Amino acid sequence: MKYENIKEGIFIERPNRFIAYVEIEGRQEKVHVKNTGRCKELLYRGVRVYLEKSGNPERKTAYDLIGVEKEGRMVNVDSAAPNKAAGEWLASGGLFPGVKRIRPECTYGNSRFDFYIETQEHNIWLEVKGVTLETEGAALFPDAPSLRALKHVEELVQAKKNGYDAGILFVVQMEGVRYFTPNRQTQPAFALALEKAEAAGVGLYAYGCHVARDSMEITYKIPVVLDPDKEAGDNLEAIAAPLLKWYDGNRRILPWREDPAPYRVWISEIMLQQTRVEAVKPYFQRFMESFPDIASLADAPEDRLLKLWEGLGYYNRARNLKKAAGVIMAEHAGVMPSTAGELLTLPGIGSYTAGAVASIAHGEPVPAVDGNVLRVIARYRADDRDMLNAKVRKSVEEDLLAVIPRERPGDFNQALMELGATVCIPNGIPKCGECPWEDRCQAHRLSAETDFPQKSPKKERTIEKRTILVIQDDVRTAIRKRPEKGLLAGMYEFPSVEGHLSREEVLAFLKEKGMHPLRISRLPDSRHIFSHKEWDMVGYCIRVDELEPVGGSKEGLLFVEPSRTEKEYPIPSAYAAYTDYLQIRLGNEKFENSYQTAD
């Protein structure tokens, strides 16, 4: 919005709400104050003010006081400006997309609201409040008790109950504001009314303006903080309502969510540990097709189970699934336990998985705290404790248990995880503009999102040097089974030797084992990182005249065709560089229908 005929002046005094005396070009002038608020912190003797000359020569006051300088910035004090600026902004698509019609000054119930807005999907009552009071970066409203403002809030709550959308837009008439909060000291009832309105679903919006001597335009979003003292601490009571509202509009469609049967939730949660959602989807589908229920999982041959799991890593997860399925069949008549306490007795199920299954599948109000949740809560509270510490994790679980909504515990837990996976991301810059807690997040207020969570330094990984031997004849390749305990237990691998061997050392080693190579060639080097160690590998392809038959005695080796290896023997992705050489596809690769080749 724009003004015409702007004059500068020096403020002298304000004898009442409507008039003031200002020095303009060396003379004292009586002017109209376009703000019935007190503005005591703005309008004091000697401050520079800005005035618009009236176009009506019959007026008793020739000027309207519309702006004042405060600490090097302009503050607009024109009470009519917020509605004008809001009207322009709303018409341009600000706040509500797809606006079809905007009607100013409409009556609902016993109140007259600033705007009635119709969009493609919503009918919205919107009240606008101008804000000129600021202290230490916080904008506050009201600057004096206002029964009219209180009445507006109560009427908006009623409109929401009657099926309309409703909102309050606080237009902060200055730049440089960090957050908006109700002025509890001046009118505690208004602050309480806003809290009730938010709980009822009334939208609370605050936007700041770029203010010049002759214009004001809404330009930036301001966080709404209903109780700074309460929300700045560890209290989590206010998180559920905005989180669930966000989740309802942003949740991803996932196969285990659309049919949250206990068995399906359990399998998905185990697969999702340390693994991305998109990577899990095809594995989950094939797993459900192969083992559709607990009984089929309990009876699954381990090699077949591990082969189906191939590529997901952390293979003990699959073994524990089978063990737990056996316990459920033997001790629970094939029916999965329904409470978190009972689920914790099963192999491979910790507090997170127990909470997820119990809340999502059975509606038990228990938290499910994983790395995503710990990160989100740490940032929300700017909590500098070590989130990997078991006592800290337990403390977070207890805090969430106290605030988890009893009517939607599963959605609450999934919403926390979803927020951490898609918005409050672990790597890179979090998408704070999409977060339902942007107004409340302590790390965001400090512009320190990536400083949380704080973690104790990880131990350096040990590096193991290995030489991988791909021994083959015309049709078969040598593999062996790893020990039943330890890293990659029970999986299959190529023979290997500790250290990095030269070509001559490999030949000597093989001859010592009674093998007679026809030729040897170097394969690409490879590296694979585990959580606690790193394999630094060199490889050789060794061609022999004939391999000993399957079941031979040399070093426990099996000699099998690559096609059988692909179908029957689970090989971990640590050996991907060498399975690629033999055109053995691992994990998802073997289920792809076609390959693209370069020309």
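Everything quoted here is computed from the prediction, not taken from an experiment.
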So OG1 of T450 and CG of N427: to nearest 0.5 Å the spacing works out to 11.0 Å
Any chance the side chains of R482 and Y492 put a donor and an acceptor closer than 3.5 Å? no
Which value, rounded to the nearest 0.5 Å, describes the distance between Q454 atom CD and L388 atom CG? 11.5 Å
Atom pair SG (C424) and CZ (R379), whose distance is rounded to the nearest 0.5 Å: 4.0 Å
Can E434 and K431 be said to form a salt bridge (charged side-chain N to carboxylate O under 4.0 Å, His left out), step by step? CA-CA 6 Å; E434 301 175 22; K431 305 170 186 177; 5.2 Å; no
Examine distances only and state if a side-chain atom of E418 and a backbone atom of R252 form a donor-acceptor pair shorter than 3.5 Å. yes
Pairwise distance CD1(I571) to CD(E493) - rounded to 0.5 angstrom: 9.5 Å
Expected output: side-chain H122 to main-chain F96 donor-acceptor under 3.5 Å: no
Please confirm whether the backbone N or O of R440 pairs with a side-chain atom of Q442, one donor and one acceptor, at under 3.5 Å? yes
Give a yes or no on this: more than 12 heavy atoms of other residues, nucleotides or ligands lie within 6.0 Å of atom CD of E121. no
Salt bridge present between D473 and R476 (N-O < 4.0 angstrom): yes
Between H532 and F530, how do the two ring planes meet: parallel, tilted or perpendicular, split at 30° and 60°? tilted
Can you tell me if S395 and E398 form a side-chain donor-acceptor pair at under 3.5 Å? no
Taking W535 for the side chain and I463 for the main chain, is one N or O donor matched with an acceptor at less than 3.5 Å? no
Verify the neighbour count for atom CD of E407: are there more than 12 heavy atoms of other residues, nucleotides or ligands below 6.0 Å? yes
Atom CD1 of I270 and atom CG of N316: how far apart are they, to the nearest 0.5 Å? 11.5 Å
Within the structure provided, determine whether E269 and I360 are in side-chain contact (heavy-atom separation under 4.5 Å). yes
Ion pair R466/E464, N-O distance below 4.0 Å: yes
Note: A356 and V265 closest approach over all heavy atoms is O-CG1, 4.2 Å
Between the side chain of S526 and the main-chain N/O of M537, is any donor-acceptor distance below 3.5 Å? no
Just so I know, are the side chains of Q414 and Y247 near enough to count as touching, which here means a heavy-atom distance under 4.5 Å? yes
Student check: side-chain heavy atoms of H332 and I294 closer than 4.5 Å: no
Does E505 pair with K511 as a salt bridge, N-O distance under 4.0 Å? no
For V366 and A358 the tightest heavy-atom approach is CG2-CB, 4.1 Å
In sequence, state the C-alpha distance, the side-chain angles, and the governing distance for Q273 and T353, and then conclude on side-chain hydrogen bond (donor to acceptor under 3.5 Å, both in side chains). CA-CA 9 Å; Q273 294 172 15; T353 305; 3.0 Å; yes
If you measure from the Lys or Arg side-chain nitrogens to the Asp or Glu carboxylate oxygens, is any gap between D299 and R304 under 4.0 Å? no
Decide side chain to side chain contact (heavy atoms under 4.5 Å, CB included) for L321 and W309; before the verdict, give the C-alpha distance in whole Å, the side-chain angles of both, and the deciding distance to 0.1 Å. CA-CA 11 Å; L321 281 173; W309 200 268; 3.6 Å; yes
Chi angles and distances behind the side chain to side chain contact (heavy atoms under 4.5 Å, CB included) call for L400, I239: CA-CA 10 Å; L400 289 173; I239 67 174; 4.2 Å; yes
Sidechain N-carboxylate O distance under 4.0 Å for K465, E498: no
Taking the six-membered ring for Trp, are the ring centroids of Y263 and W256 within less than 6.0 Å of each other? no
Contact summary for G490 and K481, nearest pair of heavy atoms: O-CE, 3.3 Å
So, do L419 and N250 sit near enough that their side-chain heavy atoms are less than 4.5 Å apart? no
Electrostatic pair K322:E302 at N-O distance under 4.0 angstrom: no
Specify the closest pair of heavy atoms between S531 and Y314, including all atoms of both residues, with the distance to one decimal. CB-OH, 4.2 Å
Here's one to test your reading of the geometry: is the NZ or CZ of R286 within 45 degrees of the ring axis of Y283 and under 6.0 Å from its centre? yes
Please check if the number of heavy atoms outside I429 that lie under 6.0 Å from its CD1 is greater than 12. no
Closest non-hydrogen contact found for L557 with R480 is CD2-CB, 3.9 Å
The reported gap from CZ in R317 to CG in L272 (rounded to nearest 0.5 angstrom) is 8.5 Å
Below 4.5 Å, heavy atoms only, C-beta onward: do T579 and T565 meet side chain to side chain? no
Contact between I520 and L507 at the side-chain level, heavy atoms closer than 4.5 Å - yes or no? yes
Between the side chains of R527 and E534, is the shortest nitrogen-to-carboxylate-oxygen separation below 4.0 Å, so that they form an ion pair? yes
Donor-acceptor check, side chain of S296 to backbone of D293, threshold 3.5 angstrom: yes or no? yes
Walk me through whether N372 and R375 qualify under side chain to side chain contact (heavy atoms under 4.5 Å, CB included). CA-CA 5 Å; N372 280 325; R375 178 174 61 261; 2.4 Å; yes
Are R522 and Y540 in a cation-pi contact, defined as NZ or CZ under 6.0 Å from the six-membered ring centre and within 45° of the axis? yes
Do we see a donor-acceptor contact under 3.5 Å between the side chains of E364 and S338? no
For R461, is there any backbone N or O sitting under 3.5 Å from a side-chain donor or acceptor partner on K533? no
When every non-hydrogen atom of D439 is compared with those of R445, the smallest separation belongs to O-NH2, 3.5 Å
Show your working on side chain to side chain contact (heavy atoms under 4.5 Å, CB included) between V544 and I542 and close with a plain yes or no. CA-CA 6 Å; V544 297; I542 300 100; 4.2 Å; yes
Flag the pair R264 / F284 as yes when at least one side-chain heavy-atom distance between them is below 4.5 Å, and no otherwise. yes
Check this for me: R519, atom CZ, are more than 12 non-hydrogen atoms of other residues, nucleotides or ligands nearer than 6.0 Å? no
Using the salt bridge (charged side-chain N to carboxylate O under 4.0 Å, His left out) criterion, which residues pair with K221? Sequence neighbours excluded. E438
Indicate yes or no: at least one non-hydrogen side-chain atom of I468 is less than 4.5 angstrom from one of V497. no
